[in-house]
Amino acid sequence: MKRVTASALMVTGLGFAGAASAQSTWSLLDSCTPNSGTTQLATCTSGGKSVTVTAYAAGSGENFAKASMTEWGTNGIGVAYTNETTQSPQHAIDNNGKTELVMLNFTTATMLSALSIGWYQTDADISVLRWVGTGTPTMPNYNTGNLVSSSTTQGWQLVSSADVDPSYSWSFNGGGYSSWWLISSYFGGVSGSGDDNAYGGSKLAAGNDYFKLLSFTGTTQSGGGGGGSVPEPGTLALAGLALAGIVGAKRRRAQTV
């Protein structure tokens with residue numbers, strides 16, 4: 001009976017270690033439906049993994065409301081709220097007038113690790129947030145003042161903020177798996193690093209950021225379902241192997257008695 005228990009724990013640990021699948025990149029130009037025109041929701045697929053992309057915008061003192069996304073040639077997608085001009089640079093994802101963002105809803109819990117932009121003007125300070133709560137996030141319940149939660153177990157948690165315009169791409173540590181993520185124009189009040197523009201200057205600032213989102217990259221959990229934040233596979237693997245070690249130690253003690 002002891003041998004069965006120890007073996008089961010070893011298999012469990014190895015199963016946890018293999019919980020992550022291959023990395024995928026979702027291109028907003030090639031892997032989405034619809035892939036042209038203006039829409040409020042698009043479905044993107046890469047490596048058999050699907051994600052829905054929805055646009056939102058909120059002005060000062062307003063809660064987030066659905067907005068529209070438009071693909072602009074090979075530069076990526078921009079966001080526009082009702083009655084916003086689609087002239088450049090307002091046709092991009094920006095924070096001039098209102099804070100614009102896209103929400104990603106993966107069918108399988110995913111950990112984002114990178115994104116790229118295809119165009120910017122003036123500046124491109126970007127924030128990434130991960131849903132760590134239970135259930136489904138309801139964006140109309142949030143505004144820029146309450147969007148970032150100080151809790152590690154509920155609400156939207158800030159992953160990081162950065163100035164992306166110098167390189168057009170950004171790699172970051174997603175911190176964990178979740179089915180819901182936000183990629184937002186910078187709205188202030190959150191930590192980050194980087195210059196205010198490509199030519200130097202102050203730190204991250206809101207109000208002058210305009211960019212078009214081109215793609216995002218992440219790793220999905222194999223065999224996992226949707227939901228809020230879940231631990232990284234490496235952490236679970238260590239836990240499983242530690243339990244196996246405890247059982248093995250007990251067996252050795254029993255043999256010497």
Side-chain angles (χ1 to χ4, degrees), residues 24-46 49-59 62-107 110 112 114-131 136-144 147 156 159 164-165 168-170 178-187 206-218:
S24 298
T25 295
W26 290 265
S27 167
L28 293 166
L29 301 182
D30 305 323
S31 59
C32 299
T33 303
N35 60 1
S36 62
T38 299
T39 182
Q40 286 190 328
L41 184 148
T43 301
C44 308
T45 303
S46 177
K49 307 297 183 181
S50 296
V51 55
T52 58
V53 184
T54 312
Y56 288 90
E62 298 177 348
N63 285 2
F64 281 95
K66 282 189 176 180
S68 297
M69 296 178 291
T70 301
E71 180 184 316
W72 295 99
T74 59
N75 291 329
I77 65 164
V79 170
Y81 52 85
T82 302
N83 296 325
E84 182 184 22
T85 178
T86 56
Q87 298 297 310
S88 181
Q90 296 292 124
H91 64 322
I93 300 174
D94 66 82
N95 49 18
N96 184 354
K98 293 189 178 186
T99 297
E100 298 169 352
L101 57 79
V102 292
M103 182 173 74
L104 313 179
N105 179 202
F106 294 89
T107 54
T110 298
L112 288 188
L115 63 82
S116 68
I117 62 175
W119 178 95
Y120 80 92
Q121 182 167 313
T122 308
D123 202 7
D125 296 338
I126 301 175
S127 295
V128 173
L129 296 90
R130 173 170 54 95
W131 178 252
T136 301
T138 304
M139 287 304 293
N141 292 341
Y142 295 94
N143 53 59
T144 56
L147 186 59
W156 290 104
V159 172
V164 182
D165 60 80
Y168 287 82
S169 62
W170 175 28
S178 180
S179 293
W180 287 274
W181 295 76
L182 298 179
I183 299 176
S184 175
S185 55
Y186 182 74
F187 50 88
N208 64 342
D209 302 296
Y210 308 87
F211 66 92
K212 295 171 186 173
L213 184 63
L214 193 58
S215 69
F216 46 87
T217 299

Using atom types as modelled, flag every donor-acceptor pair under 3.5 Å from a side chain in residues 76-87 to any protein atom, sequence neighbours excluded.
| unit_1 | atom_1 | unit_2 | atom_2 | d |
| --- | --- | --- | --- | --- |
| Glu84 | OE1 | Tyr81 | N | 3.2 |
| Glu84 | OE2 | Gln90 | NE2 | 2.8 |
| Thr85 | OG1 | Gln87 | N | 3.1 |

| query | Do you know the tightest heavy-atom contact between Ala124 and Ile117? | reply | CB-CD1, 3.9 Å
| said: ring pair (Phe, Tyr, Trp, His ring centres under 6.0 Å), that's the test. Do Phe106 and Trp26 meet it? Break it down for me. | reply: CA-CA 11 Å; Phe106 294 89; Trp26 290 265; 5.1 Å; yes
| note | For Ser27 and Cys32, the nearest pair of non-hydrogen atoms, with its separation, is O-SG, 3.6 Å
| said: Taking side-chain hydrogen bond (donor to acceptor under 3.5 Å, both in side chains) as the criterion, tell me which of Asn95, Thr122, Thr99 meets it with Asp209. | reply: Asn95
| Taking atom OG of Ser184 and atom CD1 of Ile126, what is their separation to the nearest 0.5 Å? | 9.0 Å
| Which pair of heavy atoms, one from Ser116 and one from Leu213, lies closest together, and at what distance? | O-CD1, 3.6 Å
| Nearest atoms (heavy-atom pairs only) where Trp156 meets Met103 | CZ2-SD, 4.1 Å
| said: How long is the straight-line distance from OG1 of Thr110 back to NZ of Lys49, given to the nearest 0.5 Å? | reply: 8.0 Å
| said: Would you compute the distance between atom CH2 of Trp119 and atom NZ of Lys212 and round it to the nearest 0.5 angstrom? | reply: 5.0 Å
| task | Assess the pair Tyr142 and Tyr56: is the distance between their ring centroids shorter than 6.0 Å? | result | no
| field | OG-CG distance between Ser169 and Leu115, expressed to the nearest 0.5 angstrom | value | 8.5 Å
| message | Test of understanding: with side-chain contact (heavy atoms from CB on, under 4.5 Å), list the residues that count as partners of Thr45, not counting sequence neighbours. | response | Ser50
| message | Using a 3.5 Å distance criterion without hydrogens, assess whether the side chain of Ser178 forms a donor-acceptor pair with backbone atoms of Trp131. | response | yes
| said: Could you go through Ser185 and Leu101, starting from their C-alpha distance and side-chain angles, then the distance that decides it, and tell me whether this counts as side chain to side chain contact (heavy atoms under 4.5 Å, CB included)? | reply: CA-CA 6 Å; Ser185 55; Leu101 57 79; 5.8 Å; no
| task | Verify side chain to side chain contact (heavy atoms under 4.5 Å, CB included) between Phe216 and Val128, making sure each step is shown before the conclusion. | result | CA-CA 11 Å; Phe216 46 87; Val128 173; over 6 Å; no
| task | Nearest 0.5 Å please: distance from the CZ atom of Arg130 over to the CG atom of Leu182. | result | 12.0 Å
| field | Closest non-hydrogen atom pair between Asp125 and Phe211, with its separation | value | O-CE2, 4.5 Å
Name the atoms and distances for all side-chain donor-acceptor pairs under 3.5 Å in residues 67-75, with sequence neighbours left out.
| unit_1 | atom_1 | unit_2 | atom_2 | d |
| --- | --- | --- | --- | --- |
| Thr70 | OG1 | Thr38 | OG1 | 2.8 |
| Trp72 | NE1 | His91 | O | 3.3 |

| task | Return the set of residues passing side chain to side chain donor-acceptor pair (under 3.5 Å) with Ser31 (not counting sequence neighbours), or none when no residue passes. | result | none
| said: Quick check for you: to the nearest 0.5 Å, what is the distance between Ile93 atom CD1 and Ile183 atom CD1? | reply: 7.5 Å
| Residues Thr217 and Thr25: side-chain donor-acceptor under 3.5 angstrom | yes
| Non-hydrogen atoms of Leu29 and Leu214 that approach each other most closely | CD1-CD1, 3.5 Å
| request: Quick one: which residue pairs count as a salt bridge (charged side-chain N to carboxylate O under 4.0 Å, His left out) with a foot in residues 89-102, not counting sequence neighbours? | output: Glu62-Lys98
| message | Quick one: does any side-chain atom of Thr39 pair with a main-chain N or O of Ala42 as donor and acceptor, under 3.5 Å? | response | no
| task | Could you tell me which residues satisfy side chain to side chain donor-acceptor pair (under 3.5 Å) with Tyr210, sequence neighbours excluded, listed by chain and number? | result | Asn96
